[in-house]
> 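After the structure tokens below, expect a handful of questions from me.
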Amino acid sequence: MRSEELSAREAHFSYDIDKIARLREGCKKVSIIGQPRAMSALEMGMNVNAKGYNIYLSGEDGTGRHTAVREIARKISSKRQVLDLLYAYNFKRPQSPFLISLPASCGWRFDFAMKKVSAFVSDKRWDEALSSLASLSEIREAVGANALFEQYLAQVSEALRARVSEPEKYLVNLICDNQGKEDCPFVEEYHPTHINLFGQIGNSEEAGDYAHLRLTSGSILDAAGGFFVVRADKVLSQEGLWDSLKLYAESSSFIIRKADGKDASFIRPVTSFVPTKIILIGSDELYDKLCETDDEFLRLFKVSAEFDFAMPASDENISGTIAYLLDITAKNNLKPVNNAAICELLVYSSWYAEMRDELTTKLSFLGDLLSEANYIADRKGLSEIDASCIRTAMEERDFANGLTEDRINQEIKNGEMVISLEGTKVGVLNGLAVMDRGLASFGTPTVISVSVAPGSEGIVNIEHEAGLSGEIHDKGLLILEGYLRKQYARTFPLSVYAGICFEQSYAEVDGDSASSAELFALLSAIGEIPVRQDIAVTGSVNQLGDIQPVGGINEKIEGFFAICEIMGLTGHQGVIIPRQNIKTLILTDKVLKAIEQHKFHIYPISTIDEGMEILTLRQSGIRNVKGNFPPDTINHIIENRLKKLYELSKPN
């Protein structure tokens, strides 16, 4: 049953340079690559003008969300009506001025007309003022059905007949003037506050006490009739702003506060619905949280467009990625990039996506690496960016971000962190963990130890008892107990105390990627069977003993290889990984060379039994027709040991 180790050919991954050269010849730049699902939802949401069809755009930074919104808005902005916005005096409720939306070019004409009316009022020429108001038929016809506009005109007519003699009341405050513009506005707000979105009450001396003349515009008002884009997390970080944004999305209603913030008074304009498309950009986690905790969210943001972090490595997507890289090269005046360098960039793209047959959609990350490689080419005095420049740029990134990793490796070398890389031990195994710091991540070995005794406590998670275990890790340990019952305790109760610990670990442990390593250590401790210390293990496991894939596989392998290289390669060291993770392997040249020279080994497995055979160099054993394991096999020894623990646990 023993699993075969991975060959150097299977471990190697690269892109065919001839294929890349062919795709490069015919590549054409496209704005968004590899996001058909998100683009379909986004286009639908931005084109549908029904109420509530605002959009939440989720995904990771760098996947092209902002670019996609801008691109679609550019295509359809001429299809939406361009609006002017103005504040006007409310003769019935002076502290609630009208906010009136008019078709573009009507705003300045109406502003001019009301200045004439105001001038007539100033001169007490009431008949001429009424006549001027009556001559607005052309503007009224252009405006069309607008109940709020007609309500305001009726109030003006009534005020003129009542000889209301304050000319400022007849003036309007044109806050959004889009005359001559054919495309609706597209506004991105990078610093959302209540004042920045909705405007403020100014302190203009010319406006006096007339609130409607002192009000200023805000970014969401500037976007009237068009598109308003803002980051969801920034909105939620401002007290009360999320509720204000929802109120505006619902009815275009809002309140305006004084600029100094000292006066608690506010103004609530009387508005009609303004068809502004609100687009929130945020994370998947925040979207899920809003869905669960806010009853109004899904009614007001009916469209969810989710940008994926990876895309299939199809010819179309490879061609699009190449076109993006060539465009970055031209825009930033970088040195020419040759096909070998493009192959390296594509390999990095697949590495970032953690899948050989996928590419990352975070194209800006590739652009950053290309810029760094251009610096390397300059330093080397090269006329073009070649593959060595890309590799050097990645190596220098690792060096710049590798201080924590180097310190951990030095502690292992000095013996401050106790880890064995040779020989065998009972109940002790080297697991693998990934540590993150900013954009950098690296793998490091972590010692897992298990102690076993008669008892009824079951598996005790020492990390959990110390408050250092996450929920997923807790679940993983409960699965181990299920495996013991399914595999061994078929005819007798499971009576055992097993304490599992991550040695010299003082931070929270979470995830289930170490569950197979914990199970191997547990089985070793139960059966008192020594396991190899020169083999590190990663992989999740289910109750049936099937090994499941995990993330960060390349960092884990390279991290263990690095410490083996520091301590001295013996030719026997290696890593056990889930078989499904073969398609995620994208290893460095140094690791590949060691595999080729048989100095380092990778063992893909599918079951716990396969892994135990590699770690113990013994047969696991399969139950015969009578349901018994063959004598002197791993499973036979473990089952007998569990029976003895049960006997010892019985009360006298």
Side-chain angles (χ1 to χ4, degrees), residues 45-46 51-57 65-66 69-70 73 77 80 82-87 95-101 107 148 173-178 184-204 211-282 286-287 290 294 296-297 299-301 303:
M46 292 179 72
K51 198 171 182 179
Y53 274 79
N54 298 300
I55 302 167
Y56 188 100
L57 194 54
R65 295 172 299 176
H66 287 273
V69 172
R70 294 187 197 110
S77 58
R80 296 175 68 93
V82 184
L83 300 176
D84 291 337
L85 284 186
L86 57 86
Y87 282 113
Q95 287 305 308
S96 295
F98 293 111
L99 177 63
I100 301 171
S101 62
L148 195 62
N173 179 8
L174 184 61
I175 60 169
C176 293
D177 182 7
N178 289 312
C184 68
F186 178 85
V187 178
E188 295 180 89
E189 176 57 73
Y190 296 101
H191 182 55
T193 64
H194 198 280
I195 287 176
N196 286 351
L197 261 66
F198 300 106
Q200 61 189 5
I201 307 170
N203 298 310
S204 171
H212 72 291
L213 298 178
R214 293 190 288 125
L215 298 179
T216 64
S217 183
S219 55
I220 201 166
L221 302 181
D222 292 339
F227 305 98
F228 178 73
V229 184
V230 66
R231 287 194 66 102
D233 56 345
K234 291 187 176 182
V235 171
L236 288 162
S237 69
Q238 296 285 324
E239 184 179 358
L241 187 55
W242 173 238
D243 288 332
S244 296
L245 185 64
K246 288 192 297 178
L247 178 63
Y248 188 83
E250 173 82 29
S251 62
S252 298
S253 299
F254 59 96
I255 62 173
I256 305 173
R257 299 185 177 93
K258 282 205 169 182
D260 55 17
K262 297 176 183 177
D263 193 335
S265 63
F266 61 86
I267 290 175
R268 185 189 297 275
V270 176
T271 67
S272 57
F273 184 73
V274 180
T276 304
K277 185 75 67 176
I278 301 174
I279 302 171
L280 293 178
I281 294 183
L286 185 52
Y287 178 80
L290 289 171
D294 194 314
E296 298 173 309
F297 175 65
R299 179 170 56 83
L300 298 175
F301 292 85
V303 180

> Could you pull out the closest heavy-atom pair between P192 and V235, with the gap in Å?
CG-N, 4.1 Å
> First locate atom CD1 of I100, then atom CG of L148, and finally report the distance between them rounded to the nearest 0.5 Å.
5.0 Å
> Mind listing the closest non-hydrogen atom pair of C184 and V82 along with its distance?
N-CG2, 3.7 Å
> Side chains of I220 and L245, heavy atoms from C-beta outward: is any pair under 4.5 Å?
yes
> How far apart are the closest heavy atoms of S252 and T271, and which atoms are they?
O-OG1, 3.0 Å
> Is it true that, when you exclude Q95 itself, more than 12 heavy atoms of the residues, nucleotides or ligands shown sit nearer than 6.0 Å to its CD?
no
> Check whether any side-chain N or O of D84 sits under 3.5 Å from a backbone N or O of N178 as a donor-acceptor pair, and report yes or no.
yes
> Quick check, are the ring centers of F198 and F254 under 6.0 angstrom apart?
yes
> Quick one: closest heavy-atom pair of D294 and K246, and the distance?
OD2-NZ, 2.8 Å
> Could you check whether any side-chain N or O of S96 sits under 3.5 Å from a backbone N or O of R268, counting only pairs where one atom can act as donor and the other as acceptor?
yes
> Do V229 and L57 make a side-chain contact, defined as non-hydrogen atoms from C-beta onward lying under 4.5 Å apart?
no
> Is there a side-chain contact between M46 and V69 in this structure, where contact means two heavy atoms from C-beta onward sitting under 4.5 Å apart?
yes
> Out of F227, F301, Y53, Y56, which residue meets the side chain to side chain contact (heavy atoms under 4.5 Å, CB included) rule with I278?
F301
> Does some side-chain heavy atom of L280 sit less than 4.5 Å from a side-chain heavy atom of V230?
yes
> How long is the span from the CG atom in L241 to the CD1 atom in I195, to the nearest 0.5 Å?
11.0 Å
> In Å and rounded to the nearest 0.5 Å, what is the OG1 to OH distance from T216 to Y87?
7.5 Å
> Decide yes or no for Y248 and L221: does some side-chain heavy atom of the first lie under 4.5 Å from some side-chain heavy atom of the second?
yes
> Can you measure from CG (L213) to CD1 (I201) and round to the nearest 0.5 angstrom?
13.0 Å
> Please round to the nearest 0.5 Å and tell me the distance separating atom CG of L300 and atom CG of L247.
9.5 Å
> Closest approach of D222 and C176, non-hydrogen atoms and distance?
OD1-SG, 3.5 Å
> What's the spacing between D233 CG and I281 CD1 if we round to 0.5 Å?
10.5 Å
> Looking only at heavy atoms, which two atoms of R80 and G225 are closest? And how far apart?
NE-O, 2.9 Å
> Using modelled atom types and a 3.5 Å cut-off, is there a donor and acceptor pairing between side-chain atoms of R299 and backbone atoms of E250?
no
> Quick one, H212 and I267 - any side-chain contact, counting heavy atoms below 4.5 Å?
no
> So, K234 and E189, do they make that salt bridge, N to O below 4.0 Å?
no
> Step by step, would you call I175 with L215 a side-chain contact (heavy atoms from CB on, under 4.5 Å)?
CA-CA 8 Å; I175 60 169; L215 298 179; 5.7 Å; no
> Is the backbone N or O of N196 less than 3.5 Å from a side-chain atom of S219, with the two atoms forming a donor-acceptor pair by type?
yes
